[in-house]
Amino acid sequence: MMLSVKNLSIDFFTERGQTRAVDGISFDLKKGETLGIVGESGSGKSVTSLSIMRLLNTPPAKISSGEILWQPDNDRASKDLLALPAEQMPAIRGAEIAMIFQEPMTSLNPVFRCGEQVTEAIQLHQKLDFNTARQQTLDLFERVKLPDPQRIFDAFPHQISGGQKQRVMIAMALSCNPALLIADEPTTALDVTVQKAILDLLKELREERQLSMIFISHDLGVIAEICDRVVVMYRGQIVEEGPAEQVLRAPKHPYTRGLVACRPSLKQRYQRMPTVPELMSDPDKQFHIVSAQESASRRAMLMAQPPLLEVNNLTVRYPNSKNWMGQTTEWFEAVKDISFEVRPGETFGLAGESGCGKTTLGRSIARLTTAHSGQINYMGTDLLSLDDASFHPYRRDIQVVFQDPYASLNPRMTIGEAITEPMQVHRLHGNAASRRDRAIHLLETVGLEADHFRRYPHEFSGGQRQRICIARALSLEPKLLICDEMVSALDVSVQATVLNLLMELREQFGLTYLFISHDLSVIRQMCDRLLIMNQGRIEALGTPEDIYAHPEREYVRNLIEAIPGGM
């Protein structure tokens, strides 16, 4: 075996006591094999991968027991990575075992250009000169399907999209030809077409180099597409293990059956999504599928109302090049003459490839990005005509849940402070005690616990941090919620819970959603209407059912056909 994890247990020690995150798990990985690890957020899958790389922060994390035996080839004796001196691990990280992390924005250094960061890794491990390392970096950028590799090389992380940042991370991980690649949610931030290209690339590399992979993902379609075997983790333990097709098509454990059942589908929409706890307690429980007549009736009711939001001929552009005097000589148009309407109570979807302009469009509606021309009419008021002071009251009505939850939270503020601060700024709920009670209620509403109020962002998993951001956005009781890939970081179980929550809040409070997502199955579940963008322009506008069943343009057909795993 190339890698053998034996009886691994990991504990976390905090002022609130000891928590066992991984409880005596064991698994093996063969050379050239891809092992998938699936499970809910907080199940221990990412902590397991970090322990292999010896990247756990101690304290508070401690590996209480176990061995991680590493033998990249038969000519070398196996070594226990946990027993190696710390000074020997840098020679293994990157050169022998590489890792793609879940959150690319926090993994890339914001003050260095993207190309420099990959070039540095190549020079460090391969001892090459800068020009040779630079050319290898450009070749890698091209291979992972980054548009305009030279521009990405010279760009800072904040100047490229979330999906592009993730592809830079993939290029960095592959830069030194590792024997084992640990991929922790590597395609989470990618649209389906780029996701398919990356999966095809990883499969190609696996065949070319006999590359072994540990692939962590909450997307069961991706797991079915790329993995040979699957390990299912639940509360720090392995509950099921076997060939990928067998585990995902005919799961035996109730927890695995729940994970499979609660994944959204392109073909149908549930009135309320199945969730893992419900299916574990009652495996035969039936969930109502919304009929075509019910969908048509709801849309007719929505369209009978005057628009809440009207976007007319909106264009957003950025400087692309400047002359020696600092004057802009060329512009890049991220959003090109876009027009649409959103009705009160509607969930309006924005979809398209990474970099197509959907996030820029959402940010411009919230006045977080400056629009070049056009109108954004909210309840009859053109938001673009208002100065900052006049726009301030609308900040409460229009809230945003961003794609990267860790970058959205102040690491020095507790979760409770992060949620109560907006209420204090807008003078809601009277006093500190009332705001605290409201924050705790919101935490419990999104599936967290009251004692999380005093914890810090780094104490939570990626999925838990996203739920915190949702609670913060809801704290101001907005009328329009712009959801920018808000469930992309969540496993399917938590995703189903959050989607149910959003649907309940929409009906209870008459909320309106602008729902941005690269996941067309989530769009199908959530959205009444859908706008698909490509290079800043509209490719399709209509209902998800009609667009998916009868895609008129090749771009849209390619999006649908690229969905992994046939799910």
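The residues of the chain are indexed from 1 along the displayed sequence. Just so it is clear, the values below take in all heavy atoms, side chains as well, and ignore hydrogens, waters and symmetry mates.
- The side-chain contact (heavy atoms from CB on, under 4.5 Å) check on Asp397 picks up Tyr378, Lys479, with sequence neighbours excluded.
- With sequence neighbours excluded, no residue satisfies side-chain hydrogen bond (donor to acceptor under 3.5 Å, both in side chains) with Ser339.
- Under the 4.5 Å side-chain criterion, counting only non-hydrogen atoms from C-beta, Met379 is in contact with Leu308.
- Residues that satisfy the side-chain hydrogen bond (donor to acceptor under 3.5 Å, both in side chains) test with Arg229, not counting sequence neighbours, are Glu33, Glu241.
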CA sep, side-chain torsions, deciding dist, call: Phe215, Val230, side-chain contact (heavy atoms from CB on, under 4.5 Å): CA-CA 9 Å; Phe215 202 97; Val230 176; over 6 Å; no

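- Every pair tested for side chain to side chain donor-acceptor pair (under 3.5 Å) that includes a residue from residues 439-451 fails, sequence neighbours excluded, so the list is empty.
- At least one cation-pi condition fails for Arg465 and Phe460: the charged atom is not both under 6.0 angstrom from the six-membered ring centre and inside a 45 degree cone around its axis.
- The number of heavy-atom neighbours closer than 6.0 Å to CD of Gln268, taken from other residues, nucleotides and ligands shown, is above 12.
- Residues satisfying the side-chain hydrogen bond (donor to acceptor under 3.5 Å, both in side chains) test with Arg235, not counting sequence neighbours, are none.
- Each of Ile547, Leu266, Val556 was compared with Leu520 under the side chain to side chain contact (heavy atoms under 4.5 Å, CB included) criterion, and only Leu266 meets it.
- You'll find the ring centres of Phe348 and Phe340 inside the 6.0 Å limit.
- Evaluation of the salt bridge (charged side-chain N to carboxylate O under 4.0 Å, His left out) rule for Arg20 yields Asp11, Asp23 as partners, not counting sequence neighbours.
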Stepwise side-chain contact (heavy atoms from CB on, under 4.5 Å) test for Val316 and Leu361: CA-CA 8 Å; Val316 182; Leu361 176 56; over 6 Å; no

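- Counting heavy atoms from C-beta outward, Arg396 and Leu428 have side chains that approach closer than 4.5 Å.
- Atom CZ of Arg454 sits in a sparse spot, with 12 or fewer heavy atoms from other residues, nucleotides or ligands closer than 6.0 Å.
- A salt bridge links Arg272 with Glu504; the closest basic N to acidic carboxylate O contact falls under 4.0 Å.
- Counting only heavy atoms from C-beta outward, the side chains of Cys483 and Ile516 never approach each other to under 4.5 Å.
- Salt bridge absent: Glu240 and Arg257 never bring a charged side-chain N and a carboxylate O closer than 4.0 Å.
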side-chain contact (heavy atoms from CB on, under 4.5 Å) between Ile10 and Leu8, worked out: CA-CA 7 Å; Ile10 303 171; Leu8 181 66; 4.1 Å; yes

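- Aromatic ring orientation, His253 versus Tyr255: perpendicular (interplanar angle above 60°, classes split at 30° and 60°).
- In this structure the side chain of Met273 reaches within 4.5 angstrom of the side chain of Gln525, judged on heavy atoms.
- Residues Arg472 and Pro422 meet the side-chain proximity criterion, which asks for heavy atoms closer than 4.5 Å.
- For Arg436, there are no salt bridge (charged side-chain N to carboxylate O under 4.0 Å, His left out) partners two or more places apart in sequence or in a different chain.
- By the side-chain hydrogen bond (donor to acceptor under 3.5 Å, both in side chains) test, Arg455 is found to be paired with no residue, residues two or more places apart in sequence or in another chain being considered.
- Of the N and O atoms on the side chains of Ser291 and Glu294, at least one donor lies less than 3.5 Å from an acceptor on the other residue.
- Using a 4.5 Å heavy-atom cutoff, the side chains of Tyr513 and Val342 are not in contact.
- Checking His426 against Glu477 by side-chain atom types alone, no donor-acceptor pair falls below 3.5 Å.
- Under the salt bridge (charged side-chain N to carboxylate O under 4.0 Å, His left out) criterion, Arg529 pairs with Glu346, not counting sequence neighbours.
- Within a 6.0 Å radius of NE2 in His550, no more than 12 heavy atoms belonging to other residues, nucleotides or ligands are found.
- With sequence neighbours excluded, the residues satisfying side-chain contact (heavy atoms from CB on, under 4.5 Å) with Ala473 are Gln399, Val401, Leu481.
- Side-chain contact, Ser521 with Asp519: a donor N or O sits under 3.5 Å from an acceptor N or O.
- In this structure, Lys165 NZ and Met169 CE are separated by 12.0 Å, a value rounded to the nearest 0.5 Å.
- A distance-only check finds no donor-acceptor pair linking the side chain of Thr369 to the backbone of Thr360 [under 3.5 Å].
- In this structure, Ser295 contributes its side chain and Ala292 its backbone to no donor-acceptor pair below 3.5 Å.
- Under a cut-off of 6.0 angstrom, the local environment of CD in Gln305 is crowded, with over 12 non-hydrogen atoms contributed by other residues, nucleotides or ligands.
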From CA spacing to verdict: salt bridge (charged side-chain N to carboxylate O under 4.0 Å, His left out), Arg343, Glu341: CA-CA 7 Å; Arg343 311 285 170 161; Glu341 298 176 345; 2.8 Å; yes

Pair Lys358-Glu353, salt bridge (charged side-chain N to carboxylate O under 4.0 Å, His left out): steps then yes or no: CA-CA 9 Å; Lys358 57 187 187 293; Glu353 291 183 291; over 6 Å; no

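- Proximity of Asn431 to Ser434: side-chain heavy atoms (C-beta onward) are separated by under 4.5 Å at one or more points.
- Taking Lys285 as the reference, Glu278 meet the salt bridge (charged side-chain N to carboxylate O under 4.0 Å, His left out) condition, with sequence neighbours excluded.
- In this structure, Leu279 CG and Cys262 SG are separated by 7.5 Å, a value rounded to the nearest 0.5 Å.
- In terms of the side-chain contact (heavy atoms from CB on, under 4.5 Å) criterion, residue partners of Ala439 (sequence neighbours excluded) are, by chain and number, Ile419, Thr420, Met423, Phe453.
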